[in-house]
*Asks:* 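Mind looking over this structure? Questions follow.
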Amino acid sequence: MSCVWKSPKSQYWIAQFYDHQGKRRNRSTRSLDRRKAERIAEQYEEAYSKKRTARQVREVISKAHEEITGETLVYQSFRVFSKSWLGAKGREISPATHSFYEKTIKKFCTFLGEVADADLSEITREHILAFRNHEAELFAPKTVNHDLKGVRMIFLAARRDGAIADNPCEDVKTISVRGVQRNRRPFSIEELRALLAKADSEWKSMILFGLNTGARLSDVAALTWQNIDTTTKELRYVARKTGKTLILPLAGPLSKFVESIPSSDNPNGPLHPRAYAILEKQGRSGSLSNQFADLLSQAGLRQKQAHRKTHGHGRGKGSGQQSLSFHSLRHTAVTLLKEAGIAQAVVMALVGHDSEEMSQHYTRVGMIALVGAAEAFPDLMCVSEEISNKDSSGQSSTQ
């Protein structure tokens with residue numbers, strides 16, 4: 001026996017009934033009138049009481065809905081609804097977030113196959129679970145949970161708009177990140193020398209900025225001459241990840257390096273033109289990360305790996321096992337500063353950490369701490385001065 005009920009999360013009455021297998025179903029009637037909703041619920045039960053294809057069910061319900069309400073019932077598939085939802089987000093989200101949602105939608109549609117073009121109500125909790133588990137075989141837990149969050153946002157909007165009665169994502173939990181091995185580590189001075197020896201002039205500059213400021217790859221790639229004040233010897237930029245404004249003193253070696261390279265009359269001119277163009281075009285630093293991985297391979301610091309396609313989004317599970325990446329320069333900066341005896345609060349301010357817990361995560365204290373803080377910075381300065389001298393003399397190796 002069918003019935004209707006009202007959810008505080010939807011303006012429409014929801015029909016509850018049983019299908020031909022005895023399974024209880026909930027579907028939005030998309031009607032504000034209770035009596036009409038009750039009649040629609042009866043039609044739902046009638047349509048589902050016999051074994052029919054999804055198309056046949058839609059035809060029966062659409063006809064009944066039009067006869068009862070006088071309105072044509074428009075079905076929406078996940079593919080159509082998600083596209084409309086993303087378009088409506090407009091200026092509410094950044095280009096990078098838009099790109100994330102777009103690629104998550106593409107991955108989910110690819111996984112669903114034909115179901116992506118069926119009515120939204122046909123997508124069940126089992127589909128979401130299967131998608132999550134499928135992702136877990138390909139990606140790191142953080143990526144899996146991030147994609148699951150994206151799918152959840154779409155179904156939340158679908159329920160709010162009355163397109164579905166139940167959110168199939170509601171009881172699907174994220175996967176645990178506990179026990180996931182983190183192999184990231186800082187560079188040694190010798191490794192930095194090997195890396196810089198293989199880098200071209202632009203990558204040398206990006207490495208120096210990453211090492212001396214702890215800036216992330218996307219932030220280094222986005223730098224323009226407007227971010228540098230040569231008078232006060234300060235670097236000012238807004239971190240793309242956190243939105244936090246950072247004002248940092250240019251370290252001695254980095255300051256010398258900046259003074260040695262030709263400046264631009266255009267304050268909006270990028271410091272690293274090739275990297276800047278890639279970031280502007282793609283909205284993310286994935287391609288630059290791959291370039292840096294190739295550079296690490298040339299320097300003998302990382303095993304050469306093909307850049308696997310992962311449905312256009314994220315990095316494969318295997319990539320997370322590499323211990324060195326551009327982000328390791330951030331680890332290196334924190335480690336060197338702490339080994340030199342720099343106060344915790346100063347270290348956090350320099351690299352833009354919001355919490356002591358996060359700062360501690362980036363610390364990898366090695367044997368150099370036993371030698372003494374005084375020897376840490378001379379080694380670092382030696383590397384930087386060596387690069388500055390090479391650049392100023394016009395000698396640079398190609399990648």
*Asks:* So for atom NZ, which belongs to K149, do other residues, nucleotides or ligands contribute more than 12 heavy atoms lying within a distance under 6.0 Å?
*Replies:*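 Not buried by this count: 12 neighbours or fewer within 6.0 Å.
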*Asks:* Taking K107 first and then E102, would you say they form a salt bridge - that is, a charged N and a carboxylate O separated by under 4.0 Å?
*Replies:*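 Salt bridge absent between K107 and E102.
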*Asks:* For E126, check side-chain hydrogen bond (donor to acceptor under 3.5 Å, both in side chains) against everything at least two apart and list the hits.
*Replies:*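 Counting only residues at least two positions away or on another chain, E126 forms a side-chain hydrogen bond (donor to acceptor under 3.5 Å, both in side chains) with T124.
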*Asks:* List in chain and number order the residues that pass salt bridge (Lys or Arg N to Asp or Glu O under 4.0 Å) with R160, two or more places apart in sequence or in another chain; answer none if no residue qualifies.
*Replies:*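 Partners of R160 under the salt bridge (Lys or Arg N to Asp or Glu O under 4.0 Å) test: none.
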*Asks:* More than 12 foreign heavy atoms under 6.0 Å from NZ of K6: is that the case here?
*Replies:*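 Enclosed.
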*Asks:* Please determine whether a side-chain nitrogen of the Lys or Arg among R159 and E170 lies less than 4.0 Å from a carboxylate oxygen of the Asp or Glu.
*Replies:*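 So R159 pairs with E170 through a salt bridge.
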*Asks:* Taking the basic N atoms (NZ, or NE/NH1/NH2) and the acidic carboxylate oxygens, is any pair closer than 4.0 Å for E42 and R39?
*Replies:*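 No, this pair does not count.
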*Asks:* Please lay out, stage by stage, how T104 and D147 fare under the test side chain to side chain donor-acceptor pair (under 3.5 Å).
*Replies:* CA-CA 6 Å; T104 295; D147 280 333; 2.7 Å; yes
*Asks:* Check the pair E38 / R34 against salt bridge (charged side-chain N to carboxylate O under 4.0 Å, His left out), numbers first and verdict last.
*Replies:* CA-CA 6 Å; E38 288 173 343; R34 177 164 185 163; 3.3 Å; yes
*Asks:* Taking the six-membered ring for Trp, are H272 and F209 ring centroids under 6.0 Å apart?
*Replies:*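 That pair passes the under 6.0 Å test.
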*Asks:* Working note: D119 + S121, criterion side chain to side chain donor-acceptor pair (under 3.5 Å); need CA distance, chi angles, decisive distance, verdict.
*Replies:* CA-CA 5 Å; D119 187 66; S121 62; 2.5 Å; yes
*Asks:* Is the centre of the F187 ring less than 6.0 Å from the centre of the H331 ring?
*Replies:*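 So the answer is no for these two rings.
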*Asks:* Check the orientation of W203 and F292. Use parallel for under 30°, tilted for 30 to 60°, and perpendicular for over 60°.
*Replies:*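 W203 vs F292 ring planes: tilted.
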